[in-house]
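Beneath this line is the structure, given in structure tokens, with notes to follow.
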Amino acid sequence: MTAPSILANIDFSQPAASVAPQLIGVTVLVHGVGGRIVEVEAYDRDDPASHTYNGPTERNGAMFGPPGHAYVYLSHGIHWCLNFVCMEAGHGAGVLIRALEPLHGLDAMRLRRRQQDIRMLCSGPGKLCQALAVTRAYNGLSLAAPPFQLIARDAEAEAEVVSGPRIGISRAVEVPWRFGEAGSKFVSKPFR
DNA sequence: TGTATGATCGCCT
DNA sequence: GGCGATCATACAG
């Protein structure tokens with residue numbers, strides 16, 4: 001059958017802007033290292049700021065694959081960025097994972113980041129990929145199987161989600177598709 | 001506290 | 001050949 005699109009109680013076959021706020025509070029681990037998601041951004045096919053806006057290419061191919069998989073790309077020739085693919089296969093939407101609250105494997109993260117301050121380990125898309133050792137090798141992999149592990153957020157501890165404009169883009173600047181946990185000290189930039 | 005800038009490379013025009 | 005879904009450092013105030 002088709003790949004599972006429901007992971008950690010989240011249906012990844014929904015639009016990215018619907019999936020994104022639900023991801024706040026979900027724990028993501030790579031080889032057992034990671035933490036709670038506290039900041040994400042949604043990108044859709046009909047979105048001038050999305051890599052998929054102009055259709056499938058070799059780089060963005062994973063986002064046109066099945067939902068619940070990873071899309072990993074290199075930013076500015078330096079930093080890797082991790083996305084979760086949304087909607088049905090062939091659509092081209094995803095959610096950029098921008099920041100985590102580090103919980104598991106802190107020693108490994110500190111070594112990889114060469115940084116002791118816990119707030120500097122995963123407070124940005126490039127930082128968290130370095131902390132979790134995510135590279136192109138993980139592009140297209142299912143989030144339902146190792147090395148990935150998704151853990152649903154605690155139903156009792158519902159996260160309060162706030163939103164605002166996305167960061168570091170030059171088109172569709174005012175679309176409020178950045179989502180974060182209210183009051184979290186681990187986001188890349190505070191929400192206003 | 002904030003603005004500016006360099007690093008560095010692959011994708012897309 | 002231009003330009004990033006970024007980050008760390010170097011300044012200015």
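In what follows, chains are A, B, ... by sequence order, proteins preceding strands, each numbered from 1.
Atom-to-atom, OH of A/Y53 to C1' of B/dC12 comes out at 16 Å; the value is rounded to the nearest Å. What separates CG of A/N139 from P of C/dA5 is a distance of 16 Å, to the nearest Å. Atom C1' of nucleotide B/dC12 and atom CD of A/E58 are separated by 12 Å, given to the nearest angstrom. Between the P atom of B/dC9 and the OH atom of A/Y73 lies a distance of 17 Å, rounded to the nearest Å. Distance, A/E39 CD to C/dT6 P: 10 Å, rounded to whole Å. For the pair A/I78 CD1 and B/dC9 P, the computed distance is 8 Å after rounding to whole Å. Following rounding to the nearest Å, A/W80 (CH2) and B/dC11 (P) show an atom-to-atom distance of 9 Å. In this structure, the CG atom of A/N83 is 14 Å from the C1' atom of C/dT6, given to the nearest Å.
Using a 4.0 Å heavy-atom cutoff across all strands shown, A/T57 reaches sugar-phosphate atoms only and no base atom. Within the nucleic acid shown, A/R113 comes within 4.0 Å of sugar-phosphate atoms alone, with no base atom in reach, counting heavy atoms only. Residue contacts shown for A/L96 include a base, since a base heavy atom lies under 4.0 Å away. Nucleic acid contact for A/R59: sugar-phosphate only, since backbone atoms but no base atoms lie under 4.0 Å from a heavy atom of the residue.
Here A/H51 reaches the OP1 or OP2 of C/dA5: one of its side-chain N or O atoms lies under 4.0 Å away. The shortest distance between the side-chain N/O atoms of A/S170 and the OP1/OP2 oxygens of C/dG4 is below 4.0 Å. Taking only side-chain nitrogens and oxygens, A/R136 comes nearer than 4.0 Å to OP1 or OP2 of B/dC11. Between A/R98 and the phosphate of C/dT6, there is a side-chain N or O to OP1/OP2 separation shorter than 4.0 Å.
Between A/K127 and A/G77, it is A/G77 whose nearest contact on DNA chain C lies nearer the 5' terminus.
C/dC3: Watson-Crick or G-U partner is B/dG10, with both key distances under 3.5 Å.
Proximity of A/E41 to A/W177: side-chain heavy atoms (C-beta onward) are nowhere separated by under 4.5 Å. With a 4.5 Å cut-off on side-chain heavy atoms, A/F84 and A/L23 count as touching.
Using modelled atom types, one side-chain atom of A/R113 and one backbone atom of A/M120 make a donor-acceptor pair closer than 3.5 Å. Judged purely by atom type and a 3.5 angstrom limit, A/S18 has no side-chain atom pairing as donor or acceptor with the backbone of A/Q14.
Of the candidates C/dA5, C/dG4, C/dC7, the closest approach to any side-chain atom of A/H79 belongs to C/dC7. Ranking C/dA8, C/dT6, B/dC9 by closeness to the A/C81 side chain, first place goes to C/dT6.
For A/H51 and A/Y43, the ring centers sit 6.0 Å or farther from each other.
Residue A/H76 and nucleotide C/dG4 are classified as a stacked aromatic pair, their ring centres being separated by less than 5.5 Å at an interplanar angle below 30°.
By the neighbour-count criterion of 12 heavy atoms within 6.0 Å, atom CD of A/E88 is densely surrounded, having more than that number from other residues, nucleotides or ligands.
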